[in-house]
Amino acid sequence: MSTDTPTLDTVEMLKMTGQQAVSAALFQAMEEDPKVLVFGEDVADREGGGVMGTTKGLSTKFGDLRVRSTPIAEQSIMGAAIGAAMAGYKPVAEIMLMNFITVAMDMIVNHAAKLRFMSGGQSQVPLVIRTLTGAGWQTAGQHSDHYEGWFAHTAGIKVVAPSCPADYKGLLLSAIQDPDPVLFIENSQTMFVPGEIAANQGPIPLGKARLVQEGKDITLITYSGMVANTTAAAAELAKAGISAEVIDLRTVSPWDKDAVLASVEKTGRAVVVTEAGRYFGPSAEIAATIQETLFGKLKAPVRRLGGPYCAVPFAKVLEDAYLVQSADVVAAAKGILG
Amino acid sequence: MSTDTPTLDTVEMLKMTGQQAVSAALFQAMEEDPKVLVFGEDVADREGGGVMGTTKGLSTKFGDLRVRSTPIAEQSIMGAAIGAAMAGYKPVAEIMLMNFITVAMDMIVNHAAKLRFMSGGQSQVPLVIRTLTGAGWQTAGQHSDHYEGWFAHTAGIKVVAPSCPADYKGLLLSAIQDPDPVLFIENSQTMFVPGEIAANQGPIPLGKARLVQEGKDITLITYSGMVANTTAAAAELAKAGISAEVIDLRTVSPWDKDAVLASVEKTGRAVVVTEAGRYFGPSAEIAATIQETLFGKLKAPVRRLGGPYCAVPFAKVLEDAYLVQSADVVAAAKGILG
Amino acid sequence: MQLNSEAMPEQGVFQRGNMSQSNQAGNAATPDSAAQLDIFRRMLRIERNDDATRAQIRRGRITAPYYSARGQEVIPSTLSNLLTNDDKICTIYRGIHDMVAKDMPLRPLWAEICGRVDGTCKGKGGPMHLTHPETGVMVTTGIVGSSMPIANGFGWASLLNGDKNVTIAYFGDGASNIGAFHEALNLASVWKLPVIFVCANNGFAEHTRYENGTSVDFIAKRAIGYGMPGFTVDGNDPFDMYAHAHAAIERARAGEGPTLLECKTFRFMGHVFGDADGYMTKEEKEAAIAADPLPAFRQKLIDTGIATEAQLAELQVKLEAEVQDAIDFAFACDYPDVAELRRDVFAEEIPA
Amino acid sequence: MQLNSEAMPEQGVFQRGNMSQSNQAGNAATPDSAAQLDIFRRMLRIERNDDATRAQIRRGRITAPYYSARGQEVIPSTLSNLLTNDDKICTIYRGIHDMVAKDMPLRPLWAEICGRVDGTCKGKGGPMHLTHPETGVMVTTGIVGSSMPIANGFGWASLLNGDKNVTIAYFGDGASNIGAFHEALNLASVWKLPVIFVCANNGFAEHTRYENGTSVDFIAKRAIGYGMPGFTVDGNDPFDMYAHAHAAIERARAGEGPTLLECKTFRFMGHVFGDADGYMTKEEKEAAIAADPLPAFRQKLIDTGIATEAQLAELQVKLEAEVQDAIDFAFACDYPDVAELRRDVFAEEIPA
Ligand SMILES: Cc1ncc(C[n+]2csc(CCOP(=O)(O)OP(=O)(O)O)c2C)c(N)n1
Ligand SMILES: Cc1ncc(C[n+]2csc(CCOP(=O)(O)OP(=O)(O)O)c2C)c(N)n1
Ligand SMILES: [Mg+2]
Ligand SMILES: [Mg+2]
C-alpha cells in the first residue's frame, strides 16, 4: 500500500479532473500500444467524443477503425470486445452507465470472465469495461447503482474503482495492459472533481490500496465515491481527538487484504463504507474477512455503512439520505469507539 | 424458526421429489387462484411440459392461455411477467437455468425489483421466477452457477432456495401469493431427491429458517444444495462428540436473522456453507452480521465455506473439488472448535 | 424438411408513404373535426407543459436531467385521441409528452418532477419513472428498449381478461437496435398480442445519427422479420398518424395482433436539456424547426374552419392556467420523509 | 425530415430456393470433384465421431449431456471446405460437428469431453466449451445466441488486421429469437464485418417447433431488417450449401459485409442424448431420416464417378481408426489436478 503520488519536487504536478485523467490515460494507452481500441455509444468525434466528452479527440487522432461509436446494443458491444480481445486487441469498451450493464451480463459473466478458465488457458480476454455510475445527480433508480459487488462475486474479472485523478489515470493504464478483463468504475461524484496529478503519472498496480491518511484508533476502509465523505469524517473525528486511518481500496476485486488487515490489526477497529448497497454487498466480504482473520484482536465489531435496502430515490432529500454522509461515518466510528 | 413438518400422526405423509413438490404447488396454486400463470421455454404439454417435465399436465388442465411456452427470449419472458403482474396476474416464469438469467438482468433488477418503489407504491409486481441450477451434472461453466447473492444484494426482490420436498412445495405456494417478486431457486442436487411431505402441505412463510437439527457446540448455517452435505457433516461431528445445530435458511433474502443470531448466541460458533462462490457471496453477509451483532459473545471467528474463485469446472474430479463436501464442513467445524 | 405450411406464421408487411394522402389501404380512417381539435389540444398541452418545464429548469427550480420531446407532439396526441384510460402505455425517459397526451393530470406530474411527496410516485421515481395507472401510464423506463417486453405483459393480460384494451410501447429509433426490441416484437407476433410498437424516429440516438447505428433504411421494414405489419408514417402529420394508429388499434382490438409504427419526427431540443447539438447540422435543425407541426396544424384548423383563432387562443389560456396551477401546486408540496426509503420496497414496510 | 439518402444503409435481400439448381445468382459456384470428396470426408468424419460418442455414452464412459448433430453434417462440412485455419468459428453446445468439420484434431477433443488434462481445455470446459485456436475454433458457448456478438469481435479484428479472414457464427433456429441475434446482425451490418451468420434451422428449439417460437416463415427474411443479404438454403444439399457459402465468404473477404444463411436441416437424435422426441411426430422424424444427406451424398459421389465404393470404404476405415485412436488416447489420459481450479482464472495463478 502506498500513496503512489510522486513526492520529488522535480515532478511537474498538474490539476485535472478524473475525467481528464481518464482521457489522458486513453490517449497515452492508444499512443503506446496500437492494439488498444476504444468503443461504445457516441464515443467517436462525429458523435461529440462521448455524451460527457470523455473520449473527445481519440477518433480524430487514432482513426475511425480503432475508435468506434456503436449502436445502442450493450450485448453487441461486449461481444465485440470479447472477440477482439481474444484476437489480440485490447478493447476499452464503454457502457455508458452501470445500470445498462444489466443487458450485457451474459457476455461479461458467462463469457469474458470465464473464457480463459473454460478454455484451459487458451483464450485470453484482456478487455476493459469503463462505466460511470453513482447517486447524486437525481437520475433515480435506473441510472445510479453501484453493482460492483456482483462482479467481485464473479470469478475471472477484476473490479477497479478509483477516487482521484491520479488513480483514474494510473489504474486505467494498468487495467488496459492487464491480461484479464477489468471492470473500471467511474463515479459521478469523483469523476468531475479536479485534483493533483503528476504530469507523467504512469500505471498504478491493480490490487493495491492507497493509504489516504494514517491513524491509530480506527481504520476506515472505502473506495470510489465514498472516499471524500470518509476523509471528511476522519477530519471531523480528529477534532474529537480520534485518529482515523483511511484506506482507499482502489481495486475492489482482488482487494488488498494485506493492507487492510495490517491496518486493522494496528487500530483494532474498522468501519467499511461503500456507496453500494450495504446488504449482501462488497462491505460484507471485507467485514467477514477481517473478523475471520483478526478474531480476538479486534476491539469492536466491524461496522458497515452503505446504501439502504431500496432503489436509489429521486427526490434530493431522499437521495441525500440514501447516500452515506460523513456524519454517518463519524457516528459509526464514535459508536464503536464507545 | 420451525421445522414446519406437521407432526400429528393423523397427517398423511407422502414420498415425493422436490420436482414433484414443485409440480404439486403449481397445480394447487393454479387451481386455487385463476390469476396464477405459468410460462417459460417448453413449459406447455405440446412441448412435453418442460424439458424436465416439471410443468407437465398444467397446460392441459388450465389451458394454453394460462400456461404458455415461449420463444427463447428471457428478456421477453421477464418483461411479459412484469406487465402481467402489474395488470393483476401472478405469473410464475421459468428461466430454464440460472445462468440464463444473465440475459434478463435488466428486466429483473431495473424493473421487477424497483417498480413498486419507483412508482411510490402504485405498481406491484407479484411474480415468481423459477430457475434451476447447481453443479454436479458436469454441465460446466455456463450451466451450474448459484448467483443468488446478486439478487440478495438487489433491493426489492426476495430470494428463496428450498432444499427438501416439503419446502419446495410450501415455499413455492407462499412465493406465488407474495405481493412482491420472488426468485425461486431449484437446485439440481436436491430437486430430484425423494423425501417426506405431508399430503396437504400448505404454504410455508418466506423469511423463516428451518431448524434441521438442534445442537449446542456450533451452528452450521446453510441452504439449498448444501443442506445435505452439511447435515451429513453434523452426523460426522456427532461421532466425534460435537453437537452441531444445523439451520436451513430456506430464504436467502430477507434471511432469518433472528433464528441465526439466537442459535449462534447459544453455541458461540458458526460456519456458513453455500454452493455459491465464497468470495463476496451470500455467506459474507451472514458472517458480517453475526460478528457485528454478537461481538464478544463468539468463541471463534465465523467461518465461511463456498465455491472457490473460479468458474464451475467440467471434469468430475474438478467439479467435486469445486463443491463444498461434508468433509470440508467437518474440517472447518473442528478447526474452530480448536 | 418442409415446415407445416398451415401452421406458418403470418406474412409480415412493410409499407411506406402517407396513408391519408394515398389512401393505400383503401379505407384509411380520417379524424373528424372533433378529433382534430382534440389532437391539437393534446399537442398544445404537451408544448405548453414542455415550455414551462424548460423555463423552470432555466430558473434552477428543477435540477434533474430533462429530455424534451418538443417537435414530437403529433405522435402521442393522435394515438391518445384513439385510446381510453383503460388502454395502457409503457414509455421512456423522453415520454412526458406521451403522458400529457394521455391526459395524465399535471399536478401529480409536476409534484413528481419536483421531487415532492404529492408527486404521483411520492417523489421517489422522478421524471424518468412517472407512473399514473388511472390514465394508463403504467411504466416509464430509463433503460433503452425496456418498454417493449413489459408492454407485452399488459397485452397478455388483456387476452386473459378478454378485454379489448390495447397497450402502446413507445420507444425511439436507437432502441430499435437493442435486443429487447427483437424479443418483444417476436413474442408479440407469435402470441398475437394487442400491443402497438410505436417508434418515434427522430433521426438520432443521443448523438448518433440514425444511419450510423441502424442497418436498415426504414425501421418498419423489420416488421417483415416478425410476420407483422409495419408502416413508416409521417409522425408530424396528424392525418397520416391517425390513419395508421386507427388501423393498428382496430387490428389489436380485433385480436389480430401487433403492429409496428415507425413515426418520422424530430426533437428540437437535442437529447437532453442543455445539449449543444454539435452532432447535427444547423441547417437540418433549422429545417426541422421550420416544419414544426404544431403551428402548422394550428393554422390548418383555422384554415379549414374547424376552430377560430379566438377559440384556439382561449384553449391556450386554459392550458397555460392548468400548467401554472400544477407548478404552483408542486412547489407548495412537501418533500418526502426519509422514512419513504423503507416504504414501497416491498408491500410490507421495511422495519426501521 | 428526410434522412440523408447517400448515407443510407444498404438494402437487405431475402432469397429462397436452391441456388445450385436454379442458379439464381447467375454465377453460383459449384464444388469440383475434389471439393465434393472433401465435403463428404468431413461429413463422414462428423458422423463416425458422433456415432462413437453415442456408443461411449451408452457404455457409461461419458457422463456429460451430449447434443448430437447427426443429420446436420452438410452445413459445416461445406463451409469448412471453403475455410482455412485462419478463418474462425464461434459455435454452440451442438457444435462438435462444426469443429470436426473444421478438422480440429480428435485427440484433444476426446480427451476434453472425457474430462482429462490432455483435453484441449485441460478438462475444464468440456463438450459445451471446446476451444481449439489452431484450427480456428475460438468459442463454444452454452448460452443460446451468444456465439454471434462474439463473432463480430473477430470480424472487427480482421478489419483492423487488414487480413481477409472470415468468422462464422453458428447458431440454431431458436437462437434467432433472442436479443443477441438482433444486436449482432445489426452491428455486423453497420460495421460491414466479415462475419457469416449460419443458422442451422433444424425445425426445433429444444421441444418447441419452429413456428411456435418464431414469428417469420423464413429466418433469412430477417436479413431485410439489417440491410444484408439473407438466404434460405437447403442445408442438406452440399451443392446449394456450397453456392451460398461461397458467395457469402467471397463477399466477406471482399470487405462487403455479413450474410445471413438459414440452412434447413434436421437433427435425428432429438435435443439431447436420451431425448424421447415426444414433441415431434414419428412420421416427420422417419421422413427426415429417410432423407439422410450422408448416404445420399455418398451414393451421388459413386454415381457421378467422383469416388468408388472401395475408396469411400477405405476413407471410412481411416476415419474410424482416427476416432478410435482418439478414444484410446482420451481414456489413457490423466485427470486434471485440483490445483487447476486456481489456474487460468487469471493469467497469474491464484495463490493456494
Ligand atoms: C440500455 C441502455 N443503453 C444506453 C442508454 C443511454 N441512452 C439513453 S437515451 C439513449 C438514446 C436513445 O435513442 P432513441 O432510442 O432514438 O430515443 P430518443 O432519445 O431519440 O427519443 C441512450 C443511448 C440507456 N438509457 N439504456
Ligand atoms: C439464453 C438461453 N436460454 C435457454 C437455454 C436453454 N437451451 C439450450 S439449447 C436450447 C434450444 C436452442 O434451439 P436452437 O437455437 O434451435 O438450436 P438447436 O438446439 O436446435 O441446435 C435452449 C432453449 C440456453 N442455453 N440459453
Ligand atoms: Mg431517437
Ligand atoms: Mg433448432
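The structure displayed is predicted, hence computed values, not measured ones. Reminder, nothing fancy here: chain letters follow the sequence lines and each chain counts from 1.
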Inset, instruction - Report the distance from atom CZ of A:Phe314 to atom CD of C:Glu112, rounding to the nearest 0.5 Å. - result: 7.0 Å

Inset, instruction - Supply the atom-to-atom distance C:Ile143 CD1 to A:His143 NE2, rounded to the nearest 0.5 angstrom. - result: 5.5 Å

Legend entry - Residue part contacting chain A, namely of C:Val144, when any heavy atom lies under 4.5 Å: side chain

Inset, instruction - Output the option from A:Ser69, A:Gly48, A:Pro71 having the highest count of non-hydrogen pairs under 4.5 Å with chain C. - result: A:Pro71

Inset, instruction - Name the option with the most non-hydrogen atom pairs under 4.5 Å to chain A; the candidates are C:Lys122, C:His129, C:Lys124. - result: C:His129

Legend entry - Between CG on residue A:Asp45 and NE2 on residue C:His207, distance to nearest 0.5 Å: 12.5 Å

Legend entry - Worked verdict on A:Glu41 versus C:Glu206 for side-chain contact (heavy atoms from CB on, under 4.5 Å): CA-CA 9 Å; A:Glu41 292 154 20; C:Glu206 295 216 348; over 6 Å; no

Legend entry - Top contributor to chain A contacts, counting heavy-atom pairs under 4.5 Å, from C:Asp344, C:Val338, C:Val272, C:Thr208: C:Thr208

Inset, instruction - Specify the closest pair of heavy atoms between C:Pro336 and A:Ala315, including all atoms of both residues, with the distance to one decimal. - result: CG-CB, 3.8 Å

Legend entry - Top contributor to chain A contacts, counting heavy-atom pairs under 4.5 Å, from C:Leu341, C:Val345, C:Asn177: C:Leu341

Inset, instruction - Sort C:Asp337 into side chain, backbone, both or neither according to what part of it lies under 4.5 angstrom from a heavy atom of chain A. - result: backbone

Inset, instruction - Give a yes or no on this: more than 12 heavy atoms of other residues, nucleotides or ligands lie within 6.0 Å of atom OH of C:Tyr335. - result: no

Legend entry - For C:Ala64 against A:Gln138, the heavy-atom pair lying closest together: CB-O, 3.9 Å

Legend entry - Interchain contact, C:Ile350 with chain A, by part (heavy-atom threshold 4.5 Å): side chain

Legend entry - From CG (C:Asn212) to CZ (A:Arg68), nearest 0.5 Å: 10.5 Å

Inset, instruction - Could you look at C:Phe181 and say if it's the side chain, the backbone, both or neither that has a heavy atom under 4.5 Å from chain A? - result: neither

Legend entry - chain A contact via C:Ser146 - side chain, backbone, both or neither, heavy atoms under 4.5 Å: neither

Inset, instruction - Return the option, out of A:Met96, A:Lys316, A:Arg46, A:Glu319, with the maximum number of heavy-atom pairs under 4.5 Å with chain C. - result: A:Arg46

